[in-house]
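Below you'll find the structure, written out as structure tokens, and then a few comments.
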Amino acid sequence: MSHLFKAFTLSLALSNPPLHPKPKRSEQRLSSEPLKVMISGAPASGKGTQCELIVQKGLKVNCSVSSEPLKVMISGAPASGKGTQCELIVQKFGLVHISTGDILRSEVSSGTEIGNKAKEFMNAGRLVPDEIVTAMVTSRLSREDAKERGWLLDGYPRSFSQAQSLEKLKIRPDVYIVLDVPDEILIDRCIGRRLDPLTGKIYHLKSFPPESEEIKARLVIRPDDTEEKVKSRLEIYKKNAEAISSSYLNIMNKLNGNRPKEEVFKEIESLLLQVSKDTVQTTKSGNFLQDSWKGIPTKLNNIPHSREIRKYFYTDVLEATRRAINDGRTRLKVEINIPELNPEMDVYRIGTLMELVRVIALSFADDGKRVKVCVQGSMGQGAQAGMPLQLAGTRQILEFMDWGDYGALETFVKIGSVGAKEVDEQDDMFIIVAPQNAVGNCIIDDLKAMTDAAGNRSVILVNPRLKDLPGSSGIMQTMGRDKRLEYAASFENCYFFRLLYYAGTQYPIMGALRMSFPYRYELYKRVDGLSGKEKYVILSTFPERPNIDEINDAFEGKPRNETKKASGIWGFLSGIL
């Protein structure tokens with residue numbers, strides 16, 4: 001995919017970063033500033049090669065690749081100045097301006113199938129249904145210009161149902177801008193507006209009067225600019241805006257729109273420039289890591305993983321988890337399967353999983369939240385007592401781990417077990433380490449009791465294995481299978497990563513499947529380059545987790561509507577994807 005520009009920021013690493021964040025109240029600062037270099041060039045200008053040569057000189061660098069265009073939503077009441085700000089944003093940032101009114105008129109005038117459907121409702125004097133408007137918007141967003149340049153969605157969504165439709169389609173902006181103007185100012189702006197019927201130009205009797213008496217004489221009041229209708233429109237807008245805001249609380253920026261347009265835009269410009277900055281990612285000499293939102297680090301079959309690779313995934317998981325919790329999601333699961341995070345292969349690798357849990361827990365503790373990290377205890381009684389091998393001793397490992405010099409353990413972070421009795425009133429959130437059924441014993445009863453007691457507090461499952469493992473009698477000794485599966489499915493993936501191999505092997509890596517909330521599932525293919533180098537190239541994206549057939553078809557270049565049996569090189573994954 002081509003982009004308007006790519007900026008690389010390189011800095012000398014003064015020291016190896018810690019594997020977990022330290023509390024902000026005791027944050028340390030570096031004594032000197034790192035070197036920052038920006039390199040730019042047109043496509044095929046060779047800047048990628050130069051970046052690699054700079055890295056190969058032995059510098060430890062931070063590499064930031066601005067690979068994602070801006071995605072912006074803007075909202076405002078009638079006469080809030082939204083149209084003016086949209087023009088300025090497009091001029092400055094080159095985004096594709098998408099207005100539902102413009103799309104609707106275009107589709108109707110072009111006589112498209114969806115335009116004709118919309119026309120039927122308009123001719124009947126009825127509102128165009130949400131599903132038709134959403135289909136028009138998503139179709140426009142899927143065009144190449146919007147993908148490459150980014151987009152500015154103007155005045156949409158207008159209702160909670162429209163916002164939820166976009167969420168289900170994984171269409172989410174980087175920032176949601178709301179222009180806030182007092183009602184009395186909005187009413188004055190509207191009732192003072194006048195329309196020139198000859199030119200279509202809009203004037204205002206006070207703030208933007210006509211150029212001549214001749215123009216003034218022919219101006220007319222728009223039918224919807226009477227005080228009564230303006231007040232009605234404002235009430236409808238405020239009701240819908242309040243409902244919509246719940247979907248975008250963590251990215252919403254409310255700006256004072258009752259200022260000169262230049263001042264308002266200056267604040268918008270500063271906001272968008274800040275949003276467009278990429279997260280810096282630390283790398284080793286000669287080994288590029290892409291930005292923390294996209295890209296797969298290489299040499300993942302080398303065990304143990306390097307410090308940089310582990311930190312890459314810790315950061316990736318943490319960012320996705322934070323976005324999900326900020327979005328109000330409370331039942332979450334992280335599923336990450338790379339060799340170093342797979343204790344089924346070697347029990348010692350549970351330490352890497354514990355390190356991931358520590359990163360998540362300390363990050364939220366840094367925000368002042370009280371986090372309880374839970375490991376399931378022994379299940380069953382008598383001869384049946386025990387726990388899965390991978391979890392043996394895990395609680396002790398957690399208690400002996402380094403939780404920093406700031407007293408996080410036993411103040412902001414506590415270690416517990418799985419069960420309702422572990423839920424204390426002061427707990428803000430719960431992280432449950434690899435909950436899993438044992439043969440003939442089911443963790444789901446204790447897990448469900450715990451989540452019921454937690455209420456609307458966040459519960460995060462890290463690498464859960466909640467599939468049925470019945471005993472020799474074929475009985476799981478708990479509620480019906482359908483209920484067990486329904487409960488297990490009630491947890492939403494906020495992060496998913498799995499490497500893909502040839503059937504029956506674990507070498508070589510053929511690709512990877514990744515999802516980071518709230519974005520789509522991304523399917524990557526691993527490609528070998530010159531001099532033993534490798535990279536991951538994105539093949540396709542999916543709104544939901546793809547099945548085996550869809551993965552096979554993507555690797556074989558087949559259209560998505562073709563069907564076939566689960567076979568081929570990925571067939572063995574059917575039981576675990």
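E486 pairs by the salt bridge (Lys or Arg N to Asp or Glu O under 4.0 Å) definition with nothing, not counting sequence neighbours. Scored by the side chain to side chain contact (heavy atoms under 4.5 Å, CB included) test, K238 finds D183, E235 as partners (sequence neighbours excluded). Judged as a salt bridge (Lys or Arg N to Asp or Glu O under 4.0 Å), and not counting sequence neighbours, K369 has no contacts. Residues satisfying the side chain to side chain contact (heavy atoms under 4.5 Å, CB included) test with L409, not counting sequence neighbours, are W403, V413, I415. For R172, the salt bridge (Lys or Arg N to Asp or Glu O under 4.0 Å) partners two or more places apart in sequence, or in a different chain, are E167, D327. Annotation: ring-ring contact (aromatic ring centres under 6.0 Å, His included) contacts of F497 (sequence neighbours excluded): F313. With sequence neighbours excluded, the residues satisfying side chain to side chain contact (heavy atoms under 4.5 Å, CB included) with S490 are Y487. Considering only residues two or more places apart in sequence or on other chains, S159 meets the side-chain hydrogen bond (donor to acceptor under 3.5 Å, both in side chains) condition with S161. Under the side chain to side chain contact (heavy atoms under 4.5 Å, CB included) criterion, Q426 pairs with R370, K414, D424, not counting sequence neighbours. In terms of the salt bridge (Lys or Arg N to Asp or Glu O under 4.0 Å) criterion, residue partners of R140 (sequence neighbours excluded) are, by chain and number, D145. Scored by the side-chain hydrogen bond (donor to acceptor under 3.5 Å, both in side chains) test, R331 finds no partners at all (sequence neighbours excluded).
Between atom CD1 of residue I309 and atom OH of residue Y314 there is a gap of 11.5 Å, rounded to the nearest 0.5 Å. In this structure, CG on D553 lies 8.0 Å from CD on E550, to the nearest 0.5 angstrom. Atoms CD1 and CE, on I244 and M73 in that order, are 9.0 Å from each other to the nearest 0.5 Å. Rounded to the nearest 0.5 Å, atoms CG (L356) and CG (L318) are 9.0 Å apart. Atoms CD1 and CE, on I443 and M450 in that order, are 10.0 Å from each other to the nearest 0.5 Å. Atom CD of E522 sits about 10.0 Å away from atom CE of M515, to the nearest 0.5 Å.
Cation-pi geometry between R158 and Y237 is not met: the NZ or CZ atom fails to fall both under 6.0 Å from the ring centre and inside 45° of the normal.
In this structure, a donor-acceptor pair under 3.5 Å is present between the side chains of S247 and Q164.
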(Q) Evaluate R358 against E355 for salt bridge (Lys or Arg N to Asp or Glu O under 4.0 Å), listing each step before the verdict. (A) CA-CA 5 Å; R358 178 174 60 181; E355 200 170 41; 3.5 Å; yes

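For the pair E422/F430, no side-chain contact is recorded, criterion being any heavy-atom separation below 4.5 Å from C-beta on. No side-chain heavy atom of I432 sits under 4.5 Å from any side-chain heavy atom of F491. Within the 4.5 Å cutoff, the side chain of F412 has no heavy atoms near those of the D366 side chain.
Put simply, the side chain of S363 never gets that close to the backbone of I360: no donor and acceptor are under 3.5 Å apart. Under the 3.5 Å distance criterion, the side-chain polar atoms of S142 are matched with a main-chain donor or acceptor of S139.
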Got a list of side-chain donor-acceptor pairs under 3.5 Å for residues 174-182, not counting sequence neighbours?
{"from": "D174", "atom 1": "OD2", "to": "K71", "atom 2": "N", "distance (Å)": "2.8"}

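More than 12 non-hydrogen atoms from other residues, nucleotides or ligands lie less than 6.0 angstrom from NZ of K170.
Looking at R323, R514, R310 one by one, the single match for salt bridge (Lys or Arg N to Asp or Glu O under 4.0 Å) with D316 turns out to be R514.
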